[in-house]
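A short worksheet on the structure shown next.
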Amino acid sequence: MQTNSDSPNPQNYRPCVGTAIFNKDGLVWLGKRFGESGPYAWQMPQGGIDAGEKAEDAALRELFEETGITHNMVTPLGDIPDWLYYDFPAGYKAKRGYNWQGQRQRWFAFRFHGADEQINLKAHKEQEFSSWKWQPLADAPDLIVPFKRNVYDKVTTEFERFAVPDT
């Protein structure tokens with residue numbers, strides 16, 4: 001993983017956001033990527049930042065598009081102010097039609113106050129996840145595709161203070 005101190009060229013990385021959603025028990029939301037199988041098919045909601053869009057607004061938009069969770073179902077807990085970077089593995093860019101070297105992400109943590117029944121993986125026309133679960137945050141890095149693991153390690157360290165029951 002790279003951070004600003006490693007000085008990657010931000011122009012080579014797609015600007016994105018990631019969201020860690022914690023329930024009242026301190027577990028984090030993980031979705032199984034649509035059409036994927038195997039042990040590394042899980043991730044937290046994430047996606048691109050549109051031109052002119054603020055990162056936190058993008059996080060809430062992506063959260064809704066991928067999970068159906070609206071801004072009134074969550075409370076902000078915190079964020080990681082630095083960009084977190086990862087590179088796409090060889091062949092990944094061509095397979096997906098990307099021109100980027102990888103992604104640079106801003107991460108946000110929210111507390112979910114809605115009901116599980118309100119989660120709707122079909123809220124957006126392009127479904128991202130086929131299923132979802134609440135999981136201990138510490139388990140997340142081992143469920144993620146290996147090329148994103150260093151970012152998830154950092155997210156886990158930074159957000160572990162939110163992985164506690166809501167009081």
Completion exercise
CD1 of Ile21 to CD of Glu66, rounded to nearest 0.5 Å, is 10.5 Å
Could you pull out every donor-acceptor pair under 3.5 Å between side chains of residues 120-132 and any protein atom, sequence neighbours left out?
unit_1	atom_1	unit_2	atom_2	d
Asn120	OD1	Lys122	N	2.9
His124	ND1	Glu126	N	3.3
Gln127	NE2	Phe129	O	2.6

Practice task
May I ask you to test the Phe147-Phe88 pair for a side-chain heavy-atom distance under 4.5 Å?
Solution key: yes
Problem - Residue pairs involving residues 49-64 (criterion salt bridge (charged side-chain N to carboxylate O under 4.0 Å, His left out); sequence neighbours excluded) - result: Asp50-Arg61, Glu53-Arg61, Arg61-Glu65
Problem - Qualifying ring pair (Phe, Tyr, Trp, His ring centres under 6.0 Å) pairs, either residue in residues 34-61, two or more places apart - result: none
Exercise for the section: Spell out, yes or no, whether Phe112 and Val164 are grouped together once hydrophobic residues are joined by side-chain heavy atoms under 4.5 Å, including indirect joins. Expected result: no
Problem - Nearest-0.5 Å distance that lies between atom CH2 in Trp83 and atom CZ in Arg104 - result: 4.5 Å
Problem - Beyond-backbone contact of Phe110 with Leu77, side-chain heavy atoms, under 4.5 angstrom - result: no
Exercise for the section: Please report the closest heavy-atom contact between Val74 and His113, naming both atoms and the distance. Expected result: C-CD2, 4.3 Å
Handout entry: Considering all heavy atoms, the nearest Ala58-Gly48 contact
Key = CB-O, 4.3 Å
Problem - Considering all heavy atoms, the nearest Asp153-Pro141 contact - result: OD1-CB, 3.2 Å
Problem - Flag side-chain contact, heavy atom, 4.5 Å: Tyr85 against Gln105 - result: no
Completion exercise
Looking only at heavy atoms, the pair that brings Pro45 and Leu63 closest together is CG-CD1, 4.1 Å
Exercise for the section: Kindly indicate whether the side chain of Gln118, heavy atoms from C-beta on, has any atom under 4.5 Å from the side chain of Ile69. Expected result: no
Practice task
Find the distance between OG1 (Thr67) and CD1 (Ile119) and round it off to the nearest 0.5 Å.
Solution key: 6.5 Å
Problem - salt_bridge(Lys154, Glu158) N-O dist < 4.0 Å - result: yes
Side-chain donor/acceptor pairs under 3.5 Å, residues 24-31, sequence neighbours excluded:
none

Handout entry: With sequence neighbours excluded, residues passing salt bridge (Lys or Arg N to Asp or Glu O under 4.0 Å) with Arg106
Key = Asp79
Completion exercise
Nearest heavy-atom approach of Glu36 to Ala41 is CB-CB, 3.8 Å
Problem - Nearest-0.5 Å distance, CZ of residue Arg14 to CD of residue Gln103 - result: 5.5 Å
Practice task
Heavy atoms only: give me the nearest Asp87-Gln101 pair and the separation to one decimal.
Solution key: OD1-NE2, 3.3 Å
Fill in the blank from the handout: Contacts satisfying ring pair (Phe, Tyr, Trp, His ring centres under 6.0 Å) that involve residues 148-167 (not counting sequence neighbours) are Trp107-Tyr152, Phe159-Phe162
Practice task
Output the distance between atom CG (Asp116) and atom CG (Asn23), rounded to the nearest 0.5 Å.
Solution key: 7.0 Å
Problem - Any Leu137 side-chain heavy atom under 4.5 Å of Phe22 side chain - result: yes
Problem - Path from Met44 to Leu143 over hydrophobic side-chain contacts below 4.5 Å - result: yes
